[in-house]
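To start, the structure itself, in structure tokens.
Chain A is the first sequence line, chain B the second, and so forth, proteins listed ahead of strands; every chain is numbered from 1.
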Amino acid sequence: MYHLIKTENHARRGCFETVHGTVQTPAFMNVATAGAIKGGLSAFDLKNNDCQVMLCNTYHLHLRPGDDKVAMLGGLHRFTRWNGPILTDSGGFQVFSLSKLRKITEEGVTFASHLDGRRIFMGPEQSMQIQANLGSTIAMAFDECMENPAEYHYAKASCDRTVRWLKRCKTEMQRLKQSGQAINPNQLLFGINQGCCYDDLRIEHMREIAELDLDGYAIGGLAVGEPKEEMYRVISVVEEHMPKDKIRYLMGVGTPGNILEAVRRGVDLFDCVMPSRNARHGHLNTWQGIINIKNAKYELDESPVDSECDCECCRNFSRAYLRHLFKADEMLGMRLAVMHNLHFYNHLMIRIRQALDEGNFDAFYRRYVDVLDRRI
RNA sequence: GUGGGUGUAGUUCAGUUGGUUAGAGCACCAGAUUGUGGAUCUGGGUGUCGUGGGUUCGAGUCCCAUCUCCCACC
């Protein structure tokens, strides 16, 4: 259940109540693809770095260890020891991003596993079944994330099919919960808006899925190569037609600047691989901008990554040490870097919420929107 | 001590009968990365060709000396 606490223009300050705890929004969800944050972080590290929601991947966990095994082990919460809210992606995006050999029919998608190449079929019912076995707090609808650009006629047909898939997802989810097959009997379902960059398709699709009265609504199919101005425009176009009393989730976004822009346009929830992936490559977020810790200029730099940050890395270690760990390919370097970036993102959201609480989000936005994305 | 071999980028090496601005892998330097493949891609040569001299229009390449390291023999 989403509660709107306060607004500043389109920006929203709210909270989202779930059986696994309340999420203060706007919020960023930390990505733990296969039940762990890449780079060697556990659920306890997430807790210690002010993470509110862990995001796990349906597709990856289905392949390994198998959602049936996770169910036998009591579900994702018990398996990973994360006791807060978990959102599971539907697997739809992986089907389209990881697998080249795929066939889409009304029933679902047949594609090749990226692990061993075997053929896998996934449709709305399979996705719901897997997510029910995982026992996540929030399940995402199985959708088609189109490539950009896409032909208008294809995009329209795809949107229509995604609506039909969404209805099947809702029906299957209800069946699984009623028959006691879901690990989490209170599992929530979010719908996903598609429509490429065609405003009319986006609006029509949003109106259709809004009628289904789901627990939350996501905007998908963005940040897939289109110019960021185009992304912001689509967010604004869609936002106007999103239910005001439901939480809004912008999937896969993004940079700190992207998040500030999207919050300003009324988005509540985010997830992105950038903070963790960039950290693994030595790209670290700071309140001054982005640094590449591998750069030679940090070889003798005894200052912390970010003097304004109080994460484990910045409290204890120097840029010189972190650079050395990266150059020496020591696991600790990656772990500290990922920890720092996730801490940074979670604290970016904390400061956004504070700004909204105090009614000065616009000033906060103007101060940081360009600063945080620049390379220094 | 004698004989043979060796020396070119940080490193391992290539470099034609002497011919334009000495190349490759790795490393290194720098950039990209948006519902995660610790992946991948893009750009950059960073050099006293061991040293000194000689031959030549021209030397990494040929000649002499010298030094280094390796091998064999005494």
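- B:G50 and B:A59 have their P atoms separated by 15 Å, with the value rounded to a whole Å.
- In this structure, A:H114 has its ring center closer than 6.0 angstrom to the ring center of A:Y59.
- Contact annotation: the side chain of A:I192 approaches that of A:M251 to within less than 4.5 Å [non-hydrogen atoms, C-beta and beyond].
- A distance of about 9 Å separates the C1' atoms of B:G18 and B:U56, rounded to the whole Å.
- A:Q194 comes within contact range of at least one nucleobase, with a heavy-atom separation under 4.0 Å.
- In the hydrophobic clustering (ILVMFWY side chains linked at under 4.5 Å, chained through shared members), A:L322 is joined by A:L284, A:I291, A:I293, A:Y298, A:V305, A:F317, A:Y321, A:L325, A:F326, A:L332, A:L336, A:I376.
- No contact: A:G92 has no heavy atom under 4.0 Å from any strand.
- Between A:K327 and B:C29 there is a side-chain N or O to OP1 or OP2 distance below 4.0 Å.
- Here A:M140 lies out of heavy-atom contact (under 4.0 Å) with every strand.
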Below 3.5 Å, can you tabulate the donor-acceptor pairs from side chains in residues 23-41 of chain A to any protein atom, sequence neighbours excluded?
{"from": "A:Q24", "atom 1": "OE1", "to": "A:R13", "atom 2": "NH1", "distance (Å)": "3.1"}
{"from": "A:Q24", "atom 1": "OE1", "to": "A:R13", "atom 2": "NH2", "distance (Å)": "3.0"}
{"from": "A:T25", "atom 1": "OG1", "to": "A:G14", "atom 2": "N", "distance (Å)": "3.3"}
{"from": "A:T25", "atom 1": "OG1", "to": "A:G14", "atom 2": "O", "distance (Å)": "3.2"}
{"from": "A:N30", "atom 1": "OD1", "to": "A:N346", "atom 2": "ND2", "distance (Å)": "3.1"}
{"from": "A:N30", "atom 1": "ND2", "to": "A:N346", "atom 2": "OD1", "distance (Å)": "3.2"}

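- By the salt bridge (Lys or Arg N to Asp or Glu O under 4.0 Å) test, A:E330 pairs with no residue at all, sequence neighbours left out.
- When heavy atoms are screened at a 4.0 angstrom cut-off, A:D271 is found touching the sugar-phosphate backbone but no base atom.
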(request) Could you provide the dot-bracket string of RNA chain B, using ( ) for intrastrand pairs, [ ] for crossing pairs and | for bases paired to another strand, with Watson-Crick or G-U pairs below 3.5 Å? (result) (((((.(..((((.....[...)))).(((((.......))))).....(((((..]....)))))).))))).
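- Between A:D245 and A:Y2, every side-chain heavy-atom pair lies at or beyond the 4.5 Å cut-off.
- If you check every strand for non-hydrogen atoms under 4.0 Å, A:G225 touches nothing.
- Under a 4.0 Å N-O distance rule, the pair A:R12/A:D268 qualifies as a salt bridge.
- Taking for each of A:I192 and A:R323 the nucleotide of RNA chain B with the nearest heavy atom, the 5'-most of the two is the partner of A:R323.
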List every contact pair, protein side and nucleotides 31-33 of chain B side both N or O, where the distance is under 3.5 Å.
{"from": "B:G31", "atom 1": "OP1", "to": "A:R375", "atom 2": "NH2", "distance (Å)": "3.2"}
{"from": "B:G31", "atom 1": "OP2", "to": "A:N292", "atom 2": "ND2", "distance (Å)": "3.2"}
{"from": "B:G31", "atom 1": "OP2", "to": "A:N295", "atom 2": "ND2", "distance (Å)": "3.2"}
{"from": "B:A32", "atom 1": "OP2", "to": "A:R375", "atom 2": "NH1", "distance (Å)": "2.5"}
{"from": "B:U33", "atom 1": "N3", "to": "A:H281", "atom 2": "ND1", "distance (Å)": "3.3"}
{"from": "B:U33", "atom 1": "O4", "to": "A:H283", "atom 2": "NE2", "distance (Å)": "3.4"}

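- Through ILVMFWY side-chain contacts below 4.5 Å, A:I290 is grouped with nothing and stands alone.
- Within the 4.0 angstrom heavy-atom criterion, base atoms lie near A:G254.
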